[in-house]
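Reviewing the structure listed below.
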Amino acid sequence: MRLPKAIKYLTPILLFCLCYNYVKGQSALIQEQQSKLSLVKDSITLVNSLNRIGMLYHLKNPDSCFYYGMKAKAIAIRLHYLKGVTSADNVIASALYLKGLFTESLELFGKILLTYRQQLDAENTAIVLMNMSTVYLGLGDTLHAKMFCRRAIQTGRQLKKDSVMSILYANYCIVNSSLSADSAGYYVDKAQEIAKRYKDKRMLIVIMQLQANNLLVKDDKKDALPLIKQSLLESRKEGMEYFEINSLGLYADYYSDKPDSILSYYNRAYQLADKNGYVYLKVKVLKIILAYTEKSGNKDKIINVQNLIEKALVIENNNIKKFIGDYIKYNAIQDDNTLLQTDNKNSKAKIWLLISICVISILIIIFIYRLYQVSRRHEQRQLQLNQQVQAQNNALQEADEFKNKLLSILAHDFRAPLISTINIAHMMRDNPGITEEEIGKFYGDIEKDATRMLESFDTILQWIKQQMSGYALNTEKLALHRLFDESGRLFSQLLDEKKITLCNKIPEDMTVFSDREILQFVNRNLLSNSIRFSPEGGTIIIKAEQTDTDFTLTVTDNGPGMSAETISRLFLVSNQFVSPTQHGAGIALSMCKDFIQMLGGRIWAENKEPNGAVFSYTIPLKDLKAA
């Protein structure tokens with residue numbers, strides 16, 4: 001069996017790590033920055049702090065890096081803070097690179113590069129060019145990697161303050177692995193000269209590690225050892241865990257002919273990565289440990305390492321699921337904010353805004369598909385590595401099937417309204433002579449399609465949340481009359497348009513201990529259904545009755561009512577992988593049933609004489625969480 005060589009953690013992601021010139025240890029600085037967040041009152045400062053924490057997190061946990069980048073970007077967009085948006089994009093692009101989404105990372109870095117060039121920001125332009133070189137290297141495209149590397153150095157040489165050149169020269173040596181020993185030494189010496197001039201401790205450690213690595217490649221272990229020792233001591237002294245892990249990897253490479261020593265150093269590297277939360281490195285280190293442990297033949301140790309790998313892979317898989325959920329939630333919020341602003345813009349801005357929403361939605365589907373492919377490859381590797389853990393394999397297969405069907409749902413429910421909206425927008429753009437009446441009709445059609453699409457997207461998000469992670473009850477004392485007043489205000493426009501009277505006959509002092517979000521989800525759906533099927537000028541009556549153990553709430557309308565077959569099928573969609581928007585509110589009512597059952601109650605529907613429908617639900621008065 002061919003054993004893997006020691007990992008050189010000092011890869012070209014170096015620029016991501018050093019683009020913030022912090023002087024404390026990474027973990028300590030993260031904790032310090034997080035503790036200050038609650039004290040920040042200025043929104044611009046908050047954006048900068050979130051971006052800083054996101055970049056600090058990128059090697060410890062790419063998912064946290066992505067989370068802070070998205071959070072910073074959302075705030076920066078609302079503030080129209082261009083610098084904050086660009087910095088957040090840089091954090092997000094770094095996380096995408098570490099997640100293996102090289103194409104998406106390159107696309108985002110390209111936007112960042114254009115922004116910095118327009119601002120004539122040569123320093124950040126040079127850094128982004130080197131980052132793009134890194135991503136190309138990850139894709140295996142060494143030609144473009146070297147080309148962007150050279151462009152970065154050419155841009156950096158134009159700077160009056162050349163502190164960034166130390167980073168660029170060091171990365172140039174890493175990207176151009178084919179450099180001769182003399183050429184590599186030349187660039188390393190230049191990087192060291194600049195780092196000493198600016199007293200850049202991090203770069204000096206990196207350069208020591210580069211020099212040690214070059215000596216190990218030439219099999220000059222005698223001269224390499226002092227550099228490795230010094231880099232380890234300096235890394236510990238400055239609290240730089242990432243570089244300390246890299247020094248341990250160099251020690252393992254130094255003892256390449258002694259498997260026991262390699263295991264010892266990699267065990268120390270794993271303990272350090274585990275202790276300080278370096279999720280990104282744990283699986284890599286464990287795979288090397290497993291290879292050398294298998295060579296030793298100690299079955300107990302082999303099983304122990306396999307169990308550690310299994311746990312690390314499960315964590316990675318869960319992170320991928322959360323990664324998808326965070327991205328969907330983020331884009332949903334972005335879409336909602338955009339739609340709320342459309343009424344204040346002129347007609348041309350409205351058309352382009354709606355087109356942008358369509359494009360974003362399509363990109364979400366494409367992005368989810370890309371994440372699905374990455375997740376699928378990851379699961380296949382995990383299945384090959386952990387065939388003996390049958391239970392875990394079954395869980396991963398179920399997750400895979402869920403994502404397959406989730407993609408089918410998204411593709412089915414968004415394709416038709418998106419195509420319709422795009423076609424209308426194209427027609428308006430290509431026919432400048434259309435009348436005001438026609439334009440008004442087109443606007444109405446676009447608004448209806450967009451509204452239906454957003455309603456569907458909200459339902460899908462609720463459904464995904466229920467299916468993927470369940471729902472943790474958060475009970476509190478609630479006033480039922482006030483809850484329906486709040487829900488009714490959301491539909492005030494529809495009520496006015498149809499001239500429907502909403503009568504809230506719930507006693508104002510009636511209270512219950514329950515989960516606010518669950519009840520409001522159910523209340524909104526029942527109101528929406530009643531409004532939808534009520535005739536113009538109709539009346540919707542809300543009542544509640546209370547006993548010693550529970551209360552029953554009813555929503556009554558005077559619409560056409562329902563057939564017996566319809567009533568029998570109203571709540572039967574639950575837990576079936578069908579379209580959440582299929583058959584009207586089927587999946588929403590099914591979710592209402594699941595939520596009410598979660599609260600310990602039941603929900604049903606019946607016809608009212610002579611016409612209309614009555615939807616009712618009962619839940620206990622006691623606090624289920626306390627019980």
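- Using a 4.5 Å heavy-atom cutoff, the side chains of V128 and M132 are in contact.
- Put simply, the side chain of K295 reaches to within 4.5 Å of the side chain of P259, judged on heavy atoms.
- Shown here is K229, whose NZ atom has no more than 12 heavy atoms of other residues, nucleotides or ligands within 6.0 Å.
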Self-check item: Check against side-chain hydrogen bond (donor to acceptor under 3.5 Å, both in side chains), S180 and S183
Solution: CA-CA 5 Å; S180 66; S183 296; 3.0 Å; yes
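- Between I207 and D189, every side-chain heavy-atom pair lies at or beyond the 4.5 Å cut-off.
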Quiz prompt | Residues T125, T155; criterion side-chain hydrogen bond (donor to acceptor under 3.5 Å, both in side chains); working and verdict | solution = CA-CA 7 Å; T125 297; T155 304; over 6 Å; no
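- Among the candidates R236, R268, K237, the single residue satisfying the salt bridge (charged side-chain N to carboxylate O under 4.0 Å, His left out) test with E244 is R236.
- Atom CG of N176 and atom OG1 of T142 lie 9.5 Å apart (nearest 0.5 Å).
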Practice problem: Kindly indicate, with the supporting measurements, whether the criterion side-chain contact (heavy atoms from CB on, under 4.5 Å) is fulfilled by L82 and Q119. | Solution: CA-CA 11 Å; L82 180 59; Q119 296 173 352; 3.5 Å; yes
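- Between L37 and I53 there is a side-chain heavy-atom pair separated by less than 4.5 Å.
- Ring-plane geometry between Y255 and Y251 is classed as parallel, the angle between the planes falling under 30 degrees on a 0 to 90 degree scale with a further cut at 60.
- Remark: L233 CG to I205 CD1 distance equals 10.0 Å, nearest 0.5 Å.
- Using a 4.5 Å heavy-atom cutoff, the side chains of V206 and R202 are not in contact.
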Exercise. Might you work through the side-chain hydrogen bond (donor to acceptor under 3.5 Å, both in side chains) test for D253 and Y265, ending with a clear yes or no?
Key: CA-CA 10 Å; D253 204 14; Y265 282 107; over 6 Å; no
Quiz prompt | Pair N48-N51, side-chain hydrogen bond (donor to acceptor under 3.5 Å, both in side chains): steps then yes or no | solution = CA-CA 5 Å; N48 294 336; N51 280 326; 5.0 Å; no
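- Residues Q230 and L204 have side chains not in contact (no heavy-atom distance under 4.5 Å, counting atoms from C-beta outward).
- Expressed to the nearest 0.5 Å, how far OG of S247 lies from CG of L272 amounts to 10.0 Å.
- A distance-only check finds no donor-acceptor pair linking the side chain of T45 to the backbone of K41 [under 3.5 Å].
- Side-chain contact between L159 and M165 is absent, with no heavy-atom pair separated by less than 4.5 Å.
- Taken to the nearest 0.5 Å, the CD1 atom of I127 stands 12.0 Å off from the CG atom of L113.
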Exercise. Might you work through the side-chain contact (heavy atoms from CB on, under 4.5 Å) test for I245 and Y266, ending with a clear yes or no?
Key: CA-CA 9 Å; I245 292 171; Y266 272 105; over 6 Å; no
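- Each ring-ring contact (aromatic ring centres under 6.0 Å, His included) pair with one or both residues in residues 150-174, not counting sequence neighbours, appears once here: Y169-Y187, Y172-Y187.
- L137 and V175 get closest at one heavy-atom pair: CD2-CA, 4.3 Å.
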Practice problem: Starting from the C-alpha separation in whole Å, work towards a yes-or-no answer on salt bridge (charged side-chain N to carboxylate O under 4.0 Å, His left out) for K201 and E234. | Solution: CA-CA 9 Å; K201 294 180 180 180; E234 291 295 327; over 6 Å; no
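- Residue G69 comes nearest to A88 through the heavy atom pair O-CB, 3.5 Å, listed as atom of the first residue, atom of the second, then distance.
- Here the side chain of T134 pairs a donor or acceptor atom with the backbone of M130 at under 3.5 angstrom.
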Exercise. Show your working on side-chain contact (heavy atoms from CB on, under 4.5 Å) between L139 and L106 and close with a plain yes or no.
Key: CA-CA 10 Å; L139 284 167; L106 272 179; 3.7 Å; yes
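- At least one cation-pi condition fails for R370 and F367: the charged atom is not both under 6.0 angstrom from the six-membered ring centre and inside a 45 degree cone around its axis.
- With hydrogens and angles ignored, the 3.5 Å screen pairs no side-chain donor or acceptor of Q158 with any backbone N or O of A122.
- A donor-acceptor pair is defined here as one N or O able to donate and one able to accept, closer than 3.5 Å; such a pair exists between the side chain of N171 and the backbone of I167.
- Within the model, atoms CG of D89 and CG of L108 stand 4.5 Å from one another, a figure rounded to the nearest 0.5 Å.
- Taking the side chain as every heavy atom from C-beta outward, S163 and D200 never approach each other to under 4.5 Å.
- Looking at N307, its side chain does come within 3.5 Å of a backbone N or O of I303 through a donor-acceptor pair.
- At least one donor-acceptor pair closer than 3.5 Å links the side chain of K221 to the backbone N or O of Y254.
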Practice problem: Before giving the answer on side-chain contact (heavy atoms from CB on, under 4.5 Å), spell out for Q192 and Q211 the whole-Å C-alpha distance, their side-chain angles and the decisive distance to 0.1 Å. | Solution: CA-CA 10 Å; Q192 187 177 44; Q211 291 171 333; 3.5 Å; yes
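- A donor-acceptor pair under 3.5 Å is formed between the side chain of D515 and the backbone N or O of N474.
- Between the S105 side chain and the L101 main chain, no donor and acceptor come within less than 3.5 Å of each other.
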